[in-house]
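Okay, structure first, notes after.
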Amino acid sequence: MYYPDEVIEEVRTKNDIVSVISQYVRLTKRGGNYFGVCPFHNEKTPSFSVSPGKQMYYCFGCGAGGNVLTFVMQYENYTFTEAMQNLAERAGITLPQAEETEEQKRQADLRMRLLEVNKVAARYYYYQLRTPAGTHAMEYLKNRNLSDETMQKFGLGYSLMYSDALYRYLKQKGYSDEILDQSGLVKIDERGPRDRFWNRAMFPIMDVNSRVIGFGGRVMGEGEPKYLNSPETKLFDKSRNLYGLNLARTSRRPYFLLCEGYMDVIALHQAGFDCAVASLGTSFTPGHALLIKRYVTEVIITYDSDGAGQKAALRAIPILKNAGLSVRVLNMKPYKDPDEFICALGAEEYQKRIDAAINSFLFETDTIRMRYDFSNPEKKTEFHREVAARLTEFTDELERDNYMEAVAARHQIPLSALREMVNRMGGRRIVTETEAEEQSEARELRSKRKKEKDEGLRGDQRLLLNFITSHPERSHSLRKLLSVECYTDGVYHQIAEMVYADLDAGRAPEPAAVMNRFLDEEEERNQVAAVFNTSLSSDYTEEEQEKILAEAARRVKRSYLDQMVRKETDPVKLQQIIMERAKLESLHIFLD
């Protein structure tokens, strides 16, 4: 969708980037900028910088960067149009009717149409549950101790026993077969149209903004599969959504309860635990973990207490920890799941189990312990070795010592013996050198040197562009030496065009405004952000800074002239370029 540049700028300038990002990330002022933990990758030390002066953000860890529009797009998984609408509403701006290309209009219309048909289907299922036809589904949900208020809150419904009931209803509403097929609600093939869901209790799946993007269905009576989810569609991506997240994101609790299924989430919310979420019929993924990290720093896993649930917890733990989340595991025994536990003992007892949830590493060692027969000395020693091997994975010495003490006390292992075993295992070094590996290392070294050279040149261009933008009054000589054509990298060339055009017109370049040209391409956005976050350390004296900038300008100009030499075929022009290159080496480059 197209908005005029002046409209985009109005929305951007009336939404202060520090104010907006502070709603999502805890920021601390350091010097002229604000810093926080990056929401786009796993890190413990804050490297996410927000510049109020440039109205840009940049992560020195993962390289993510942009302006206020791109942040909202990336964080909320919004389209450009959705981000514009969100920020315009925040600033009290009425957007004009936007112009669109045909493809943009088609995609926007499709997305709106799919959201609409999902909403209509959700209402249809909701109504059917409360008719005589939905009696057995209603009885099932009542038998699961769900109140009318809870069923309404989650929009629970029922799909009729007829395999084309929803299809016929939606056709009467004027929806085409093409839209219905793309919605995932209906299957249309050579056998004709038929509903994906029928004779099932229905669970609408909502995005973080409470818009219906898909469904889950639990079969009533016999039938397979027991639970069925919507397929992947333009709206529904299982790896980027969590059931209940639209409600849990506003919880005041400092953690999320991670469950296995819809009923667990619903039962926990009904019991007052409004921070419960679950993955949507798929294994827990790194995408889910990063999604959770946007809202909390701790996760308490409350999977089923059977073998399958324990294995699922063991798979989820490293994914959550790799995302930088603290993880504990809740013990529900002798009950299988949260729903069963709460029905038997109530919310107060469940809260006690939350408080007593154990550290994820101790849960892992407890699970390992169950595989060994301690009456057999050999098996007992094998357990000690396996635990010691796991302890060597902690790179921080203090953290490793703390876990050694906890494990030794929990499993009655002499601490000194465990420490000796861990140190011995951690000291092992197996080195295998072969001729093939040496050759591979040599190739990698050559490749690395070439990349370093190329990156060095890009670094010079970044440094110069940022200096020229930030200090236009001192960069007249640099701009005279370096024309726009000297910035040979595609993105840097475009930045140079915009910055030079502003300066030639007597305007001060605005980095966040430059970013507007790159809203659609994440990789290019990050490169632009890197340009405006490349500067020399304040530890350098002014004389040292001038020398570094002069040498960078010389390298950029030399590289450009070398390219011209390789391309030029006219002997006279070639000689001129060669002479210019020779003069460059003795040219005094200074700042104004």
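Position 1 is the first residue of the sequence, and the numbers go up from there.
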Closest heavy-atom contact between [X] and [Y]?
| X | Y | result |
| --- | --- | --- |
| P231 | R196 | CD-NE, 3.3 Å |
| I342 | A271 | CD1-CB, 3.9 Å |
| C62 | C38 | SG-SG, 3.9 Å |
| F284 | H288 | CE1-CB, 3.4 Å |
| G36 | V25 | CA-CG1, 4.3 Å |
| W198 | S163 | CG-CA, 4.1 Å |

Can any side-chain N or O of [X] pair as donor or acceptor with the backbone N or O of [Y] at less than 3.5 Å?
| X | Y | result |
| --- | --- | --- |
| D195 | Y167 | yes |
| S305 | Y335 | yes |
| E364 | L314 | no |
| E82 | E76 | no |
| R371 | T367 | no |
| R111 | L114 | no |
| N15 | L87 | yes |
| R253 | A276 | no |
| E260 | G309 | no |
| S159 | R200 | yes |

Ring-face cation contact, Y127 with R123, 6.0 Å cut, 45° max: no

Should the heavy atoms of other residues, nucleotides or ligands under 6.0 Å from [atom1] of [X] be counted, would the total exceed 12?
| X | atom1 | value |
| --- | --- | --- |
| K142 | NZ | yes |
| E89 | CD | no |
| R26 | CZ | no |
| K234 | NZ | no |
| Y162 | OH | no |
| E523 | CD | no |
| E348 | CD | no |

Could you check whether [Y] and [X], counting side-chain N and O atoms only, form a donor-acceptor pair closer than 3.5 Å?
| X | Y | result |
| --- | --- | --- |
| N67 | Y57 | no |
| Q152 | D148 | no |
| Y78 | N209 | yes |
| T150 | R144 | no |
| T302 | Y350 | yes |

Are [X] and [Y] close enough that some pair of their side-chain heavy atoms sits under 4.5 Å apart?
| X | Y | value |
| --- | --- | --- |
| Y169 | V120 | yes |
| R211 | M206 | no |
| F203 | V265 | no |
| T70 | F80 | no |
| D366 | R410 | yes |
| Y262 | R218 | no |
| I21 | F48 | yes |
| K153 | L247 | yes |

To the nearest 0.5 Å, what is the distance between [atom1] on [X] and [atom2] on [Y]?
| X | Y | atom1 | atom2 | value |
| --- | --- | --- | --- | --- |
| D237 | I213 | CG | CD1 | 8.5 Å |
| F383 | D373 | CZ | CG | 13.0 Å |
| L141 | S147 | CG | OG | 11.0 Å |
| Q182 | L235 | CD | CG | 10.0 Å |
| L110 | S183 | CG | OG | 10.0 Å |
| D304 | C259 | CG | SG | 9.5 Å |

Residue pair L156, L146: steps toward the side chain to side chain contact (heavy atoms under 4.5 Å, CB included) verdict: CA-CA 10 Å; L156 304 189; L146 298 187; 3.8 Å; yes

Side-chain ion pair, R113 and E116, N-O less than 4.0 Å: yes

Lys/Arg-Asp/Glu bridge criterion (N-O < 4.0 Å) met for K352, E349: yes

With sequence neighbours excluded, residues passing side chain to side chain contact (heavy atoms under 4.5 Å, CB included) with A121: Y125, L166, L185, F215

Working for side chain to side chain contact (heavy atoms under 4.5 Å, CB included), residues F394 and L391: CA-CA 6 Å; F394 290 101; L391 285 164; 4.2 Å; yes

Reference residue R194; test salt bridge (charged side-chain N to carboxylate O under 4.0 Å, His left out); the match among D189, D181, D177: D189

Candidates R328, K321, K293 - the one meeting salt bridge (charged side-chain N to carboxylate O under 4.0 Å, His left out) with E298: R328

Step-by-step side chain to side chain contact (heavy atoms under 4.5 Å, CB included) determination, F256 to L242: CA-CA 11 Å; F256 274 0; L242 290 164; 5.7 Å; no

Stepwise ring-ring contact (aromatic ring centres under 6.0 Å, His included) test for F71 and F40: CA-CA 10 Å; F71 179 86; F40 304 122; 5.7 Å; yes

Trace of the side chain to side chain donor-acceptor pair (under 3.5 Å) decision for R90 with S19: CA-CA 11 Å; R90 182 180 184 274; S19 175; 2.7 Å; yes

Residues R390, T365; criterion side chain to side chain contact (heavy atoms under 4.5 Å, CB included); working and verdict: CA-CA 9 Å; R390 296 294 302 276; T365 59; 5.8 Å; no

